[in-house]
Amino acid sequence: MPRELFLYNTLTRTKEKFEPLNPPHVGLYVCGPTVYSDPHLGHARPAVTFDVLFRYLKHLGYKVRYVRNITDVGHLEDEVAGEGEDRIQKKARLEQLEPMEVVQHYINRYHHFMDMLGILQPSIEPHASGHIIEQQQLIKIIIDKGFAYVVNGSVYFDLKKYNDQFGYGALSGRNIEDMLNNTRELEGQDEKRYPLDFALWKKADSTHIMHWPSLWSEGFPGWHLECSSMGMKYLGEQFDIHGGGMDLIFPHHECELAQSTVVTGRPPVRYWMHNNMITINGQKMARSKNNFITLEELFTGKNALLEKAFSPMTIRFYMLQAHYTSPVDFSNDALKAAEQGLNRLMKGLSLLPKLKPSASSTVDVITLRENAYKALSDDLNCPVLLGNLFEGVRIINSVIDRKETINKEDLESLTEFMRTFTHDLLGLAPEENGRSNDNELLDKVVKLLLQQRQEAKARKDYAASDHIRKQLASLGIQVMDTKDGAVWEME
RNA sequence: GGUCUCUUGGCCGAGGGGUUAGGCAGCGGUCUGCAAAACCGUUUACGGCGGUUCAAAUCCGCCAGAGACCUCCA
């Protein structure tokens with residue numbers, strides 16, 4: 001019997017109990033990156049958010065098929081100016097590369113940085129360019145059902161007709177009349193019957209180098225179609241969860257919803273989930289604002305906005321400290337605080353094997369564990385879960401300090417609890433900095449020195465003992481005296 | 001201009017009508033030959049003004065400020 005899980009559904013604007021269509025199977029679709037530039041902070045937020053969801057669903061016993069697409073075609077750029085050019089194509093033209101070369105390069109980069117962030121790989125990672133036929137099939141169905149029309153080789157979705165029959169705007173909470181009154185007059189849209197109609201297929205002009213044959217023209221698919229067709233193909237006409245950044249709610253997901261509804265006659269998705277944005281100094285991080293930080297810059301510190309480098313796990317931890325529906329503002333001070341907090345958590349976990357059980361317990365592990373489940377089940381409340389984990393750290397440190405005691409059973413339970421929630425569910429792991437204490441020979445050598453130091457201390461020759469500690473410190477080895485003797489670690 | 005959201009202690013951030021969030025930083029203490037780490041304490045904060053209520057940071061109204069979407073975006 002799986003635990004209850006409540007998720008905030010953008011469509012209904014409420015937290016709803018999660019009930020999969022076909023338990024124990026769960027279908028999860030998340031909008032992945034458009035691979036035309038280096039992955040940045042904004043890519044990390046949905047990746048981390050839905051990674052935790054993926055991990056938790058599996059932990060609860062569901063068999064999850066997680067689909068995260070790669071957009072490698074079809075997103076127009078600079079639509080306002082009426083000079084739509086495919087982003088990947090533009091990059092390819094500027095760099096004189098084969099478009100697929102650009103795509104492959106940035107996919108590799110994306111995977112590399114997602115790995116560093118501890119993001120699990122999705123079950124399927126379909127490419128839009130690999131599903132042109134499927135997208136064309138959907139267009140055909142939409143035309144046949146009378147919800148799209150062909151003009152000069154391009155196909156447009158008839159939004160007015162759709163709105164009359166199904167109602168448009170439920171997801172983003174806006175009505176079409178409002179939008180009509182507030183939509184700017186865009187150039188180059190004379191082909192559309194109605195300003196809000198959107199392209200399903202666009203005829204390629206002579207400058208386009210990415211194009212495919214179709215019934216309508218040599219061209220390329222519209223913006224929103226890939227998610228409709230790939231979601232349908234791999235998860236079925238209706239599936240459980242669709243996720244993405246909240247900037248995609250309108251128009252991307254709204255249009256996707258409309259297309260799919262026309263094709264199948266019913267809504268495609270049960271639960272729509274959207275993560276909030278990253279801000280830099282209170283402003284949304286956006287290409288146009290020129291304030292975005294790539295993940296590489298973050299991990300190396302090479303960006304004017306950064307005082308220092310921050311590790312992938314620090315970034316992950318920092319994002320988990322805020323609820324996914326809240327904006328996260330990045331600042332050096334906040335990241336430094338997160339770094340210290342993560343350090344404390346990891347140190348606590350590393351001490352677990354050193355705990356010695358007593359006959360009785362003064363700590364309540366069962367309640368702690370129960371609260372942790374409650375937190376995650378309440379719409380993935382990771383900040384509260386982290387609070388629970390820090391309570392676990394307090395217990396660990398207190399047992400070491402002999403201020404609390406723990407029996408064997410509770411110790412096993414605490415160990416399992418801390419590792420499961422920190423490593424398996426939040427995906428936080430100790431970072432390999434290449435300076436670990438794993439080197440057996442080094443450990444022996446340092447221990448030899450520590451023994452010398454102990455002997456000096458025993459004869460109260462503190463000058464000698466402090467000298468050894470100082471010399472080791474200059475090599476980056478920190479010595480700490482505990483009740484159970486001296487220990488050391490690399491800084 | 002339209003739609004919507006937010007405003008919590010030095011900083012970051014949960015919560016959400018009465019009872020400790022948590023992390024970071026600072027300060028005081030314990031431990032220690034010293035140091036580091038750890039532990040304990042730090043006497044409680046919710047934009048302003050009204051209202052509802054026995055009780056409001058939490059609900060309602062107004063005001064101020066910030067942000068998001070309306071256009072590619074994660």
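So you know, we letter chains A, B, ... as the sequences are listed, proteins then strands, and number each from 1. Only this structure's heavy atoms are used, side chains among them; waters, hydrogens and symmetry mates stay out.
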S.K.: Verify the contact: side-chain N or O of A:T34 to OP1 or OP2 of B:rA74, cut-off strictly under 4.0 Å; return yes or no.
M.R.: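 It does, given that an N or O in the side chain of A:T34 lies less than 4.0 Å from OP1 or OP2 of B:rA74.
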S.K.: Considering only atom P, compute the distance from B:rC62 to B:rU71 and round it to an integer number of Å.
M.R.: 28 Å
S.K.: Between C1' on B:rA25 and CG on A:N332, what's the gap in Å once rounded to a whole number?
M.R.: 15 Å
S.K.: Can you tell me, in whole Å, how much space there is between the C1' of B:rG17 and that of B:rC59?
M.R.: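 One C1' to the other, the span is 8 Å.
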S.K.: Quantified in whole Å, what is the C1' atom distance between nucleotide B:rG47 and nucleotide B:rA64?
M.R.: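 Per the computed distance, 8 Å lies between those C1' atoms.
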S.K.: Under 3.5 Å, sequence neighbours excluded: what are the donor-acceptor pairs made by side chains of residues 393-402 of chain A?
M.R.:
| residue | atom | partner | partner atom | Å |
| --- | --- | --- | --- | --- |
| A:R394 | NH1 | A:E391 | OE1 | 3.2 |
| A:R394 | NH1 | A:E391 | OE2 | 2.8 |
| A:R394 | NH2 | A:E404 | OE2 | 2.6 |
| A:N397 | ND2 | A:V393 | O | 3.4 |
| A:S398 | OG | A:R394 | O | 2.9 |
| A:R402 | NH2 | A:D484 | OD1 | 3.0 |

S.K.: Rounded to whole Å, please give me the gap between CD1 in A:I396 and P in B:rA38.
M.R.: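 Rounding to the nearest Å, CD1 of A:I396 and P of B:rA38 are 13 Å apart.
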S.K.: Rounded to whole Å, please give me the gap between CD1 in A:I280 and C1' in B:rC73.
M.R.: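 For the pair A:I280 CD1 and B:rC73 C1', the rounded distance is 14 Å.
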S.K.: Nucleotides 15-22 of chain B: which of its N/O atoms have a protein N/O under 3.5 Å away?
M.R.:
| residue | atom | partner | partner atom | Å |
| --- | --- | --- | --- | --- |
| B:rG15 | OP1 | A:N381 | ND2 | 3.1 |

S.K.: State which of B:rA38, B:rG13, B:rA74 makes the closest approach to the side chain of A:R344.
M.R.: B:rA38
S.K.: For RNA chain B, determine which residues of residues 105-123 of chain A have any heavy atom closer than 4.0 angstrom to one of its atoms, and list them numerically.
M.R.: none
S.K.: Between A:R13 (side chain) and A:L171 (backbone), is there a donor-acceptor pair under 3.5 Å?
M.R.: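 Yes, A:R13 side chain to A:L171 backbone: donor-acceptor pair under 3.5 Å.
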S.K.: Under 4.0 angstrom, heavy atoms only, what part of the nucleic acid is A:F317 near: base, sugar-phosphate, or nothing?
M.R.: nothing
S.K.: Can you check the distance between B:rC54 and B:rC6, where both ends of the measurement are the C1' atom (answer in whole Å)?
M.R.: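 Their C1' atoms lie roughly 31 Å apart.
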S.K.: Identify the residue among A:I293, A:L335, A:T279, A:L305 that makes a side-chain contact (heavy atoms from CB on, under 4.5 Å) with A:F330.
M.R.: A:L335
S.K.: Distances for protein N/O vs nucleotides 28-37 of chain B N/O pairs under 3.5 angstrom?
M.R.:
| residue | atom | partner | partner atom | Å |
| --- | --- | --- | --- | --- |
| B:rG33 | N1 | A:D466 | OD1 | 3.0 |
| B:rG33 | N2 | A:D466 | OD2 | 2.8 |
| B:rC34 | O2 | A:R469 | NH2 | 2.5 |
| B:rC34 | N3 | A:R469 | NH1 | 2.9 |
| B:rC34 | N3 | A:R469 | NH2 | 3.1 |
| B:rC34 | N4 | A:D481 | OD2 | 2.7 |
| B:rA35 | N1 | A:D481 | N | 3.2 |
| B:rA35 | N3 | A:R469 | NH1 | 3.0 |
| B:rA36 | O2' | A:Q478 | NE2 | 2.7 |
| B:rA36 | N1 | A:D481 | O | 3.0 |

S.K.: Which value, in whole Å, describes the distance between the C1' atoms of nucleotides B:rU19 and B:rG29?
M.R.: 28 Å
S.K.: Within this structure, what is the NE2-to-C1' distance between A:H224 and B:rU71, rounded to whole angstrom?
M.R.: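 Checked: the NE2 to C1' distance equals 11 Å.
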S.K.: Tell me whether A:K192 contacts the main-chain N or O of A:D197 through its side chain, where contact means a donor paired with an acceptor under 3.5 Å.
M.R.: yes
S.K.: Output all residues satisfying side chain to side chain donor-acceptor pair (under 3.5 Å) with A:S129, sequence neighbours left out; order by chain, then residue number.
M.R.: A:D72
S.K.: Report the C-alpha distance between A:K203 and A:E191 in whole Å, list the side-chain angles of each, state the deciding distance to 0.1 Å, and finish with yes or no for salt bridge (charged side-chain N to carboxylate O under 4.0 Å, His left out).
M.R.: CA-CA 12 Å; A:K203 182 181 180 179; A:E191 291 180 346; over 6 Å; no
S.K.: Check side chain to side chain donor-acceptor pair (under 3.5 Å) between A:Q451 and all other residues, then give those that pass, not counting sequence neighbours.
M.R.: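 Here no residue qualifies.
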S.K.: When you compare B:rA68 with B:rC46, how far apart are their P atoms, in angstrom units rounded to a whole number?
M.R.: 27 Å
S.K.: Can you list every salt bridge (Lys or Arg N to Asp or Glu O under 4.0 Å) pair that touches residues 105-123 of chain A, not counting sequence neighbours?
M.R.: A:D38-A:R109, A:R109-A:E296
S.K.: So, using side chain to side chain donor-acceptor pair (under 3.5 Å) as the criterion, who are the partners of A:Y234 when residues are at least two apart?
M.R.: A:H131
S.K.: Applying side chain to side chain contact (heavy atoms under 4.5 Å, CB included), run through A:L200 and A:Y156 and close with a yes or a no.
M.R.: CA-CA 5 Å; A:L200 297 174; A:Y156 295 98; over 6 Å; no
S.K.: Let me check I have this right: for RNA chain B, each base becomes ., (, ), [, ] or |, based on Watson-Crick or G-U pairs with both distances under 3.5 Å. What is the full string?
M.R.: (((((((..(((.....[...))).(((((.......)))))....(((((..]....))))))))))))....
S.K.: What's the gap between B:rU52 and B:rG23 when it is taken at their C1' atoms, as a whole Å value?
M.R.: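 The answer is 37 Å between these two C1' atoms.
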S.K.: How close or far is atom P of B:rG13 from atom CG of A:L389, stated in whole angstroms?
M.R.: 19 Å
S.K.: Which pairs, with at least one residue in residues 310-328 of chain A and sequence neighbours excluded, count as a side-chain hydrogen bond (donor to acceptor under 3.5 Å, both in side chains)?
M.R.: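 Every side-chain hydrogen bond (donor to acceptor under 3.5 Å, both in side chains) pair that includes a residue of residues 310-328 of chain A, provided the two are not neighbours, is A:D51-A:R316, A:S311-A:T314, A:S311-A:E431, A:H323-A:T325, A:Y324-A:D379.
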S.K.: Looking at the side chain of A:A334, which of B:rC39, B:rA74, B:rC12 is the nearest nucleotide?
M.R.: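 Per side-chain heavy atoms of A:A334, the pick is B:rC12.
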S.K.: Treating A:R453 as the side-chain partner and A:S465 as the backbone partner, does any N or O pair qualify as donor plus acceptor under 3.5 Å?
M.R.: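 Yes, the answer is positive, given that a donor and an acceptor are paired below the 3.5 Å cut-off.
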S.K.: Closest heavy-atom contact between A:N407 and A:S361?
M.R.: N-OG, 2.8 Å
S.K.: Is the A:H242 to A:Y29 ring centre distance short of 6.0 Å?
M.R.: yes
S.K.: What is the nucleic acid contact for A:G42, judged by heavy atoms within less than 4.0 Å: base, sugar-phosphate only, or nothing?
M.R.: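 Base contact - A:G42 has a heavy atom under 4.0 Å of at least one base atom.
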S.K.: Can you tell me how far P in B:rA56 sits from the matching atom in B:rG26, rounded to whole Å?
M.R.: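 It comes out at 37 Å once rounded to the nearest Å.
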S.K.: If you restrict it to nitrogen or oxygen atoms, what contacts under 3.5 Å exist between nucleotides 66-69 of chain B and the protein, and what is each distance?
M.R.:
| residue | atom | partner | partner atom | Å |
| --- | --- | --- | --- | --- |
| B:rG67 | OP1 | A:Q283 | NE2 | 2.7 |
| B:rA68 | OP1 | A:K284 | N | 3.3 |
| B:rA68 | OP1 | A:K289 | NZ | 3.2 |
| B:rC69 | OP1 | A:K284 | NZ | 2.1 |
| B:rC69 | O2' | A:R174 | NH2 | 2.9 |

S.K.: Backbone N or O of A:Y66 within a donor-acceptor pair of the A:S123 side chain at under 3.5 Å?
M.R.: yes
S.K.: Return the 5'-most residue of the pair A:K336, A:C31 with respect to RNA chain B, ranking by each residue's nearest nucleotide.
M.R.: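 That would be A:K336.
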S.K.: Under 4.0 Å between any heavy atoms, over every strand shown, what does A:I278 touch: base, sugar-phosphate, or nothing? Just pick one.
M.R.: base
S.K.: How many whole angstroms separate atom OH of A:Y324 from atom C1' of B:rC6?
M.R.: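 In whole Å, B:rC6 C1' and A:Y324 OH are 17 Å from each other.
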S.K.: Holding to ring-ring contact (aromatic ring centres under 6.0 Å, His included), I want the full list of residues that pass it with A:F166, two or more places apart in sequence or in another chain.
M.R.: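 Partners of A:F166 under the ring-ring contact (aromatic ring centres under 6.0 Å, His included) test: A:F147, A:Y162.
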S.K.: With a 6.0 Å cut-off (strictly less than), is the heavy-atom count around NZ of A:K336, excluding the residue itself, greater than 12?
M.R.: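 Yes, enclosed.
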S.K.: Step by step, would you call A:M313 with A:N343 a side chain to side chain contact (heavy atoms under 4.5 Å, CB included)?
M.R.: CA-CA 10 Å; A:M313 279 300 134; A:N343 192 26; over 6 Å; no
